[in-house]
Amino acid sequence: MKILVTGASGLLGTKLCELATNRKHEVYSAYNKNKPLYGKPLKFNVSDKNAVIKVFQTIKPEAVVHAAALTNVDKCETEKRLAWKINVEGTENIAKLCKKHDAFLIYVSTDYVFDGEKGMYKETDELAPINYYGLTKLKGEEKVRNWTNEYCIARASVIYGTIPATGKINFALWLLDKLKRKEKVKIVTDQWNSPTLNTNLANMLIEILERKITGIYHLAGATRINRYRFAELLAETFQLNSKLITPASSIQFSWIAKRPKDSSLNITKAYQTLKNKPLKINEALKKMRMELLQTK
Ligand SMILES: NC(=O)c1ccc[n+]([C@@H]2O[C@H](COP(=O)([O-])OP(=O)(O)OC[C@H]3O[C@@H](n4cnc5c(N)ncnc54)[C@H](OP(=O)(O)O)[C@@H]3O)[C@@H](O)[C@H]2O)c1
């Protein structure tokens, strides 16, 4: 299948392009600044309407995974205009063109579309973001639903994995680096979510593409966990000293954007539908360890 992946240089996009290429798909990997590692690279800004039109006319993709976004939650709060342009207008550009060219669209969304008061959110639960990043991703979902019928909205939560092309550090790699250097870290106990290994998410997304499954799906890890316990499990899996990790409360940190308290996702629908199941945290961490060993 001819697939266009936006955000191909990101944490998810890199893994997705690698695995889709391995499955013999023809992968066009779109980026903005950092050249992707896998697929046929294509540089364009998703908020540039004419550039998006040209790309679709040239490539004529059968399917698109739209993973490009401004993902820095605090930057979205301070640079609202930019966040809107990329996350809302950029998504509208992609969705319109998918409709025009009959391309199946997967939009990668987030657990931050929920307010975090309840946790274990189902696909049908009320959407009420508490920060600007969450709001722009929700508006992106609305653009997708308004412009096309052949879509899947896939909500993930705290993605982690081995190093992406951008070299942008994720929580898991940041923590492992700190512990290897024997540095102490403070990690919050009052933020809960469903950490998602990029490889697991990429495999689920590829299955959705190949089977053209439509609708909204929570594609996240199968374990609800707080950030502190996640850090402890990472330390245990990689045989590092978990005593360097001190529990903390989120009021001790001065983040610009508010974070939901419990944005964990109920993955029952994905579990029942897909052959590639959301992984439990222990399985996912073992897989990550194997991947890191293989890259050495
Ligand atoms: N990370 C998480 O914990 C998390 C959790 C839930 C959902 N999500 C969603 O999952 C998706 C992937 O996240 P990620 O963590 O893999 O992202 P990431 O590592 O931050 O990468 C972002 C990607 O978007 C591209 N991009 C940014 N602005 C662009 C623009 N104006 N035009 C074209 N491309 C642009 C970047 O390209 P360059 O590198 O070239 O700048 C990069 O490839 C996003 O939609 C995000 O909202 C992420």
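Whatever order the structure lists ligands and atoms in, that order sets their numbers, starting from 1.
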Item to check | Criterion side-chain contact (heavy atoms from CB on, under 4.5 Å) against Ile94, the qualifying member of Leu105, Val144, Val65 | outcome: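 So the option named by the test is Leu105.
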
Checklist entry - For the hydrophobic clusters of this structure (ILVMFWY residues joined by side-chain heavy atoms under 4.5 Å, transitively), does one cluster hold both Phe44 and Ile86? => result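 Yes, one cluster joins them.
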
Next on the checklist: Between Glu18 and Lys15, does any NZ, NE, NH1 or NH2 come within less than 4.0 Å of an OD or OE carboxylate oxygen?
Outcome noted: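 Looking at Glu18 together with Lys15, the answer is yes, because their closest N to O distance falls below 4.0 Å.
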
Item to check | Arg81 bridged to Glu89 by N-O distance under 4.0 Å | outcome: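 Salt bridge between Arg81 and Glu89, a charged N being under 4.0 Å from a carboxylate O: yes.
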
Next on the checklist: Which residue is it: Asp111, Asp262, Asp125? I am looking for the one with a salt bridge (Lys or Arg N to Asp or Glu O under 4.0 Å) to Lys118.
Outcome noted: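 That would be Asp125; it is the only one of Asp111, Asp262, Asp125 passing the salt bridge (Lys or Arg N to Asp or Glu O under 4.0 Å) with Lys118.
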
Checklist entry - Do His66 and Tyr151 have their ring centres less than 6.0 Å from each other? => result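 Not close enough - the centres of the two rings lie 6.0 Å or further apart.
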
Checklist entry - Looking at the rings of Phe171 and Phe230, which for Trp means the six-membered one, are their centres under 6.0 Å apart? => result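 That pair passes the under 6.0 Å test.
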
Identify, by atom number and element, the atoms of ligand 1 in contact range of [X], meaning under 4.0 Å from any of its heavy atoms.
| X | answer |
| --- | --- |
| Val158 | 3 (O), 5 (C) |
| Val108 | 9 (C), 10 (O), 11 (C), 45 (O) |
| Ala69 | 22 (C), 24 (O), 27 (C), 44 (C), 45 (O), 47 (O) |
| Leu12 | 16 (O) |
| Lys33 | 38 (P), 40 (O), 41 (O) |
| Leu11 | 15 (O), 16 (O), 19 (O) |

Under 4.0 Å from ligand 1, counting heavy atoms only, is it the side chain of [X], its backbone, both or neither?
| X | result |
| --- | --- |
| Thr71 | side chain |
| Phe44 | backbone |
| Ser47 | neither |
| Lys137 | side chain |

Compute whether any side-chain donor of one residue and acceptor of the other, for [X] and [Y], lie under 3.5 angstrom apart.
| X | Y | value |
| --- | --- | --- |
| Ser109 | Glu141 | yes |
| Thr189 | Asn226 | no |
| Gln57 | His101 | no |
| Asp115 | Tyr121 | yes |
| Glu291 | Thr199 | yes |

Pairs of nitrogen or oxygen atoms closer than 3.5 Å, one from [X] and one from ligand 1: do any exist?
| X | value |
| --- | --- |
| Ile159 | yes |
| Asp111 | no |
| Ala156 | no |
| Ile86 | no |
| Gly10 | yes |
| His66 | no |
| Ala68 | no |
| Ala67 | yes |

Item to check | Min heavy-atom dist Asn45 to ligand 1 below 4.0 Å | outcome: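 Contact present.
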
Checklist entry - Does Pro36 come within less than 4.0 angstrom of ligand 1, counting non-hydrogen atoms of the residue? => result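 So Pro36 does not count as touching ligand 1.
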
Item to check | Selection from Gly7, Ala220, Pro195, Cys76 by shortest heavy-atom distance to atom 23 (C) of ligand 1 | outcome: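 The option holding the nearest heavy atom is Gly7.
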
Next on the checklist: Going by the closest heavy atom to atom 46 (C) of ligand 1, which one wins out of Tyr31, Tyr133, Phe171?
Outcome noted: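 Among Tyr31, Tyr133, Phe171, the closest heavy atom to atom 46 (C) of ligand 1 comes from Tyr133.
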
Item to check | Rounded distance [0.5 Å steps], CD in Glu232 versus CD1 in Ile187 | outcome: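 The distance works out to 10.5 Å.
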
